[in-house]
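Data first, discussion second: the structure below is written as structure tokens.
Chain identifiers are assigned alphabetically (A, B, ...) following the order of the sequence lines, protein sequences preceding nucleic acid strands; residue numbering begins at 1 within each chain. Every value quoted in this text rests on a predicted model; they were computed, and no experiment measured them.
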Number of protein chains: 2
Amino acid sequence: MPAPTTVELLWGTQQRPKRGPKPALSLDRIVTEANALADAEGLASLSMQRLAERLGFTKMSLYRYVPGRAELTALMLDAAIGTAPAPSDSAPEHWRAGLQVWAETIFERYSAHPWAIELTTGQRPIGPNELGWMESALVTLAGTGLTGSERLDSIVLFNGHVRSLVQQLASTAGSSAEYASQLAETMSAAGDQYPATVAAFAEELAGGGRDNALQFGIDRILDGLAVLIARRTALNCDGD
Amino acid sequence: MPAPTTVELLWGTQQRPKRGPKPALSLDRIVTEANALADAEGLASLSMQRLAERLGFTKMSLYRYVPGRAELTALMLDAAIGTAPAPSDSAPEHWRAGLQVWAETIFERYSAHPWAIELTTGQRPIGPNELGWMESALVTLAGTGLTGSERLDSIVLFNGHVRSLVQQLASTAGSSAEYASQLAETMSAAGDQYPATVAAFAEELAGGGRDNALQFGIDRILDGLAVLIARRTALNCDGD
DNA sequence: GGAAGCTGTGTCTACCGGACACAAATTAGA
DNA sequence: TCTAATTTGTGTCCGGTAGACACAGCTTCC
């Protein structure tokens, strides 16, 4: 019985062996409970021991289903982001609204499971759901006249913005007051060396201090893409 | 002797005690060697034990200088990104070139120490160097007519893009061939469910497959900011 | 009815971060 | 100059982690 690889687990290409007792656990149950545990207490509090206790089994029994922690977290990530919603309207002129929804939706998914972000680092096999999100965005971008590289780079750009925001907001969500006071203390101690920073924060506070960083970034990226798409379209018309 | 906090360590507001033997180590040496170890073998291979062996001391002696691993990594991060280069030309009309250089430079810093990226997650005190980078970008954006919130959100946008790229490129740097073959295998197995993805990658390969994702993202963000800045400038002129 | 093969379990190792007590070193004050 | 106070580096210990391995019991095939 060779241990299944991460790819085999992610894409479900393993078959049940014929002989032997029927397994009392399942991969789905394990991953579901692992995600629930991570949602409740964070990824750092997730250990094979604690997960096994939650499932009512011993630690080593989990290794019959998952080769190790790395493979488990890979499955957790793909389960956390879930299936991508089908692009509602793939007409080429609606790419802007489509990407807007795409970015907001994946932001909500990641926000519901902030621990999933740190699992997206490092070289790793891509899962079906993750690929589905990419496919969804690429369908929306299909008729824009952008090249394949540009379409892929656009997704990287959106992904980076959304994930960066989730990380930042999730970390300051619990205790933004404490965070703000700490920042204020630093500013009052060494603020004279950072005048532009002090000015920017002061102006932000005066203006209400609402955090629309997510929408701001989405709008800027969409505007930037629109500039490029318009240029491409103009060139194509000239060429015809 | 209360243990120094992360803020005190980062901002250097602790004073040497008068009595007792002179310390044989120093915070600088510890952080320098820790960064060298992380550069060589990654953050996961950095343990207090291994760091102490590298320094020729015992593990527990390190705790005389650093309260714990979390504080150590906070110092490592600020040392890794280094001091921000002074904005060479802060004339308002040069914001575009200034941000271009800013993004490329911080990209190089993070690329030299990819492990530093994962240390930027979670709520944490900000260090002097990190604040210096923010100040540098805010100075460049000072004369653009953007509000304080918009200037801060712009930096978040650039930061997210750069860090996301570093993470992705650093992970695929060592074995891009293996990664490509794995992706090709997945595509050939399940590619019919992801036609737009297959098309985009095929087109990218046909076009040479150079990865200019960093520059692509920077250009789109700059274009998007230019649109907003032009709108602000036009409104201001109308208002006058 | 074996025999083969799988499942869940208990035990074991190596490593991690960190607490705590202690001897040596150094300085302040008498 | 001598003593007491205080800091430094060290050795030992603890709880926790991931994972290896052998073993008993169950299930199915021949």
I'd like to know if the side chain of B:E135 and the backbone of A:A196 have a donor-acceptor N/O pair within less than 3.5 Å.
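Confirmed, B:E135 side chain pairs with A:A196 backbone.
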Under 4.0 Å between a side-chain N/O of A:S61 and OP1 or OP2 of C:dG8, yes or no?
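So the side chain of A:S61 is outside the cut-off, no N or O lying under 4.0 Å from OP1 or OP2 of C:dG8.
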Rounded to whole angstrom units, what separation is found between the [atom1] atom of [X] and the [atom2] atom of [N]?
{"X": "B:Y65", "N": "D:dT7", "atom1": "OH", "atom2": "P", "result": "14 Å"}
{"X": "B:K22", "N": "C:dA25", "atom1": "NZ", "atom2": "C1'", "result": "11 Å"}
{"X": "B:L27", "N": "D:dT8", "atom1": "CG", "atom2": "P", "result": "12 Å"}
{"X": "B:E53", "N": "D:dT10", "atom1": "CD", "atom2": "P", "result": "12 Å"}
{"X": "A:R19", "N": "D:dT28", "atom1": "CZ", "atom2": "P", "result": "11 Å"}

Would you tabulate the nitrogen or oxygen pairs shorter than 3.5 Å linking the protein to nucleotides 12-18 of chain C?
unit_1	atom_1	unit_2	atom_2	d
C:dC16	OP1	B:S47	OG	3.1
C:dG17	OP1	B:R69	NE	3.0
C:dG17	OP2	B:M48	N	3.0
C:dG17	N7	B:K59	NZ	3.3
C:dG18	OP2	B:R69	N	2.8
C:dG18	N7	B:K59	NZ	3.0
C:dG18	O6	B:K59	NZ	2.7

Compare the minimum distances between each of C:dG8, C:dA3, D:dG9 and the side chain of A:R64, then state the nucleotide with the smallest one.
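For A:R64, the side-chain atoms sit closest to C:dG8.
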Residue mapping more 5' on DNA chain D - nearest nucleotide basis, B:L62 or B:P21:
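Its nearest nucleotide lies further toward 5', so the answer is B:P21.
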So, do A:L138 and A:M134 sit near enough that their side-chain heavy atoms are less than 4.5 Å apart?
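Side-chain contact under 4.5 Å: yes.
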Are the side chains of B:R50 and B:R54 in touch, meaning some heavy atoms are under 4.5 Å apart?
no
Result for side chain to side chain contact (heavy atoms under 4.5 Å, CB included) between B:P67 and one of B:T5, B:L9, B:L72 points to B:L9
Does A:R220 make a cation-pi contact with A:F216 (under 6.0 Å, within 45 degrees of the axis)?
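The answer is yes; both the distance and angle limits are met.
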B:E204 vs A:R151, salt bridge (Lys or Arg N to Asp or Glu O under 4.0 Å): CA-CA, chis, key distance, verdict
CA-CA 9 Å; B:E204 184 185 40; A:R151 276 175 274 156; over 6 Å; no
